[in-house]
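Working notes, beginning with the structure itself.
Everything numeric here is computed off the predicted structure, so don't read it as measured data.
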Amino acid sequence: MLVSVALPLPLFRTFTYEVDDAQAERARPGMRAVVPFRNRRELGVIVASGEPAPGVTPKPVIALPDDEPVLGADMLALCHWMAEYYVVPLGIAIRSVLPAALSSQSAPQPVRRTRRVASIVREIPSLLQRDEVFARTKQQRALYELLESLGGRAAVEHLTEQLRFSPSVLQSLVKRGMVAVEEEVVARDPFGWRAAPKSAVHVPSPAQRSALDALFAAKGGDVFLLHGVTGSGKTLVYIELLREVVLNRGRTAIVLVPEIALTPQTVDRFRAVFGDQIAVLHSALSDGERYDEWLALRDGKKRIAVGARSAIFAPLRDLGAIVVDEEHESSYKQGEAPRYHAREVAIIRAKREGAVVVLGSATPSLESWVNADAGRYARLTLPARVGEGRLPAVDVVDLREAAREAANKRQEPTDWLRLVISEPLERALSDRLKKGEQSILLLNRRGYAAFVQCGVCGDVASCPNCSISLTYHRAPERLVCHYCQHAEPPRTQCPRCKGLLLKQRGWGTQQVERLLADRFATARIARMDVDTTSGKWAHAEILDRVAAGEVDILLGTQMIAKGLDFPNVTLVGVVDADVGINLPDFRASERCFQLLSQVAGRAGRGPKGGRVFIQTRVPAHHAVRCAVEHDYTKFVSQELAGRNTPTYPPNVRIANVVFSGTTEAATASLASSATTWLHALLRKRPVPGFTVIGPAPCAVDRIKNRWRWHVLLKAEHPRDLSRLGRYFLERFRVPNEAQLRVTFDRDPVALL
Ligand code: ADP
Ligand code: ZN
């Protein structure tokens, strides 16, 4: 008997193998198969029975490791769709759907249950003592002070691998008796030790009720866009829907959230209601643990999967509902092949399996909004906050005026805080501190200073591997590339002109934290950014402290903007709304509007109300203005108009083809020969409404030492992108495959 096997290789075809009679019974589609391939063994999945080809003697399958298929017919069909739509080989699509433990021929990795943790054991309270103790050991002091700012303890792995301290510096601190390192047992399932909170029982409001009525009456495959302002109670709608689908109708469900670590409150609410029925698929799970959850879902022991993007592939049977919370989030798009968007996969999967889809957001993506306008999705609206919450009043602080005023007043040049936090925002902060209320400050830029510039020649310190400036970090003191993690010691002299006047420009979270601590000496400040969220659970730990009232000011990057529901937060300040607004990307305004709206939505969720200050240099920009006015529809109509000249999604469908290589010349020439090839093809076989734009260097034209060029394909008909993309990727010959690479990104979320 012959079978057709898909292998996880960059080849657009399947391979035929022979199965002996003894195994024929088990050689069904969806079963894994170990097969010989070019003198090695490969692990693939049987996708169909095989056809004999003249003159070819198929090799025998080596082994069939499973008793049951790892993919059911529905999941296999979903893989076929992904392979075609995102233009990847079937075997690559299949690999992304299965848990990692099933993709390797070796057994799942043993589960690591301990980690090494460093903690401060000797306090050094006075600065004088510190200067003495660390006289000539600057590195030790930096590490010691970093540990302090991390609450006195941190995982050794985080210090050495992520923050790049040398292990020997840590060792010296241990030898001197200032720091101790111990083994700590890691909880197997972090959600196991997080007590499931009591669920507050709410009666749905009339708006929630009518949304639920529509969802309960829906047919399988129906898609709903739940547009509810921040704090309007979308989570209750999801929970009541699942109660109906899973508990009353006995079916199963998937809940997608942008990132589990950032949304522990949302996940807790589901756990409170559904308890053991839920598998929480978070990134802290080892491959083995993830596989355990996968089995529990496949065997019906758990009936709800909650997780980020890849949870859409949970092996549930009889799927009744899929919730995509914060559907506009770009983290739903996978960055490597297959570059799928979990929202799109959700819709395809739901159609086939008869599930209802709910896409929820306060700031839906333009794609979803237009689909609702066109009647492809049904729109449900929650127009107001539930309970006692009210949308907060938003004040704009024009930083240009603030700077002018400060100049007129000849303010002390030592009043550094004023350069970052305007007078009204500072007053509001100090008022909240007096009243014992909490504040959130957003600054979407980590590190200490955005870049370092020579005051004489203007040279900006940039990464040797990427065309991007280096960010100055204080603890540890380093210049760091946020693209490739390259790190180097801070400069004392300009390498170009030998000038000694090096200036730090652009405030980062580390610096603002320091300035706030200087001004508000008694305030309890927590900083939340990539540098302080070491362990996978650091986010949850910080947020638990905020919930318990142990934090007065939470300062952080965009990771604080989502999903947080703290009634005692009455003030939100956006330190610099303009970060990112001018990026050369067609979604820059949309991202900015979403971020501002989401973070503003953290204020005023309780009876005390709330207030928001947005500091900006472009108060007239529509992204800022519409966020201030809480006017989503106005933003959409202006933004959609802007995407007509030139056309961008959702007004047209696009794919971004990126060419990369180790030399600039070869990369540019590959991009231009590919473009010529595409134009020639289109001349021979014209495709109406199809255009090729470029080639051009990418906005970030070098990352990790690879030069990058791109070509944009625009199509009126989505099908043309699959067809042409496939034809191009299969036939266009890349001259030097060892050095040059082509990637195809369908429906890209960014063009940088
Ligand atoms: P969203 O996700 O839309 O921002 P949430 O689901 O977080 O809003 O709800 C905001 C708050 O309102 C939560 O504290 C939630 O418990 C509460 N809430 C939700 N529905 C109701 C209701 N019907 N009555 C009273 N409070 C509610
Ligand atoms: Zn770099």
Side-chain angles (χ1 to χ4, degrees), residues 115 117 146-147 149-155 157-159 161-163 184 186-197 235 255-272 278 280-286 289-290 306-311 325-326 329-332 438-447 475 482 508-510 512-513 524-566 568-569 572 595 598-599 601-602 605:
R115 61 173 187 173
V117 174
L146 176 71
L147 262 178
S149 73
L150 292 172
R153 47 188 281 122
E157 202 181 15
H158 176 59
L159 299 174
E161 281 171 28
Q162 211 169 327
L163 299 177
E184 181 188 79
V186 180
R188 181 179 187 280
D189 177 359
F191 273 103
W193 54 257
R194 274 179 78 81
T235 312
V255 179
L256 298 184
V257 293
E259 208 177 322
I260 291 270
L262 297 183
T263 48
Q265 281 188 313
T266 308
V267 176
D268 281 346
R269 279 194 231 162
F270 282 96
R271 289 175 58 239
I278 294 192
V280 181
L281 305 170
H282 49 81
S283 55
L285 294 180
S286 68
E289 289 165 328
R290 192 170 284 271
V306 180
R309 175 173 80 223
S310 65
D325 190 23
E326 310 287 4
E329 280 287 330
S330 53
S331 64
Y332 284 125
Q438 294 169 298
S439 307
I440 288 181
L441 284 182
L442 170 79
L443 175 56
N444 204 10
R445 193 192 281 139
R446 68 191 175 94
H482 287 178
T509 46
Q510 288 183 348
V512 173
E513 180 190 24
R524 296 162 302 172
I525 302 169
R527 192 178 100 219
M528 193 158 133
D529 56 29
V530 170
D531 302 305
T532 60
T533 44
S534 50
K536 303 279 185 197
W537 297 97
H539 304 90
E541 281 162 21
I542 295 175
L543 297 179
D544 284 350
R545 274 166 53 211
V546 178
E550 291 164 19
V551 171
D552 299 312
I553 302 176
L554 175 64
L555 163 71
T557 53
Q558 86 223 351
M559 58 172 71
I560 60 169
K562 271 169 254 182
L564 309 183
D565 183 32
F566 300 121
N568 200 36
V569 170
V572 163
L595 182 61
Q598 295 286 344
V599 74
R602 303 310 116 205
R605 290 179 159 247

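Arg605 is not listed as a side-chain neighbour of Asn568, based on a closest heavy-atom distance of 4.5 Å or more. Residues Asp529 and Arg527 are in side-chain contact: their nearest non-hydrogen atoms beyond the backbone lie under 4.5 Å apart. Under the 4.5 Å side-chain criterion, counting only non-hydrogen atoms from C-beta, Val546 is not in contact with Glu550. The shortest distance between side-chain heavy atoms of Leu543 and Leu564 falls below 4.5 Å.
Summarising the geometry of Leu595 relative to Ala561, their closest heavy-atom pair is CD1-CB, 3.7 Å, with the distance given to 0.1 Å. Across Arg446 and Asp531, no two heavy atoms sit closer than the pair NH1-OD1, 3.0 Å. Listed here is the closest heavy atom pair of Gly549 and Gln438: CA-NE2, 3.8 Å. The minimum heavy-atom distance between Ala538 and Thr533, with the atom names listed, is CB-CA, 3.5 Å. Taking every heavy atom of both residues into account, Ser331 and Pro258 meet most closely at OG-O, 3.3 Å. The two atoms that bring Leu147 and Ala154 nearest to each other are CD2-N, 3.8 Å, heavy atoms only.
Atoms CZ and CG, from Arg290 and Leu281 in turn, are 6.0 Å apart once rounded to the nearest 0.5 Å. Atom CG of Asn444 is separated from atom OG1 of Thr509 by 9.5 Å, given to the nearest 0.5 angstrom. The line from CZ of Arg602 to CD1 of Ile440 is 7.5 Å long, rounded to the nearest 0.5 Å. Atoms CD and CE, on Gln558 and Met528 in that order, are 10.5 Å from each other to the nearest 0.5 Å. The distance from atom OG1 of Thr532 to atom CD of Gln510, rounded to the nearest 0.5 Å, is 9.5 Å. To the nearest 0.5 Å, atom CG of residue Leu262 and atom CD1 of residue Ile560 are 11.0 Å apart.
Under the 4.0 Å criterion applied to side-chain N and carboxylate O atoms, Glu329 and Lys562 are assigned as salt-bridge partners.
At a cut-off of 3.5 Å, with distance as the only test, no side-chain donor of Asp565 or Gln265 sits close to an acceptor on the other residue.
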Evaluation steps, side chain to side chain contact (heavy atoms under 4.5 Å, CB included), between Thr557 and Leu443: CA-CA 5 Å; Thr557 53; Leu443 175 56; over 6 Å; no

Derivation of the side chain to side chain contact (heavy atoms under 4.5 Å, CB included) call for Phe270 and Val280: CA-CA 10 Å; Phe270 282 96; Val280 181; over 6 Å; no

Evaluation steps, side chain to side chain contact (heavy atoms under 4.5 Å, CB included), between Val255 and Thr266: CA-CA 11 Å; Val255 179; Thr266 308; over 6 Å; no

Residue pair Val257, Glu326: steps toward the side chain to side chain contact (heavy atoms under 4.5 Å, CB included) verdict: CA-CA 7 Å; Val257 293; Glu326 310 287 4; over 6 Å; no

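The backbone N or O of Leu256 lies less than 3.5 Å from no partner atom in the side chain of Asp325, so there is not a single donor-acceptor pair.
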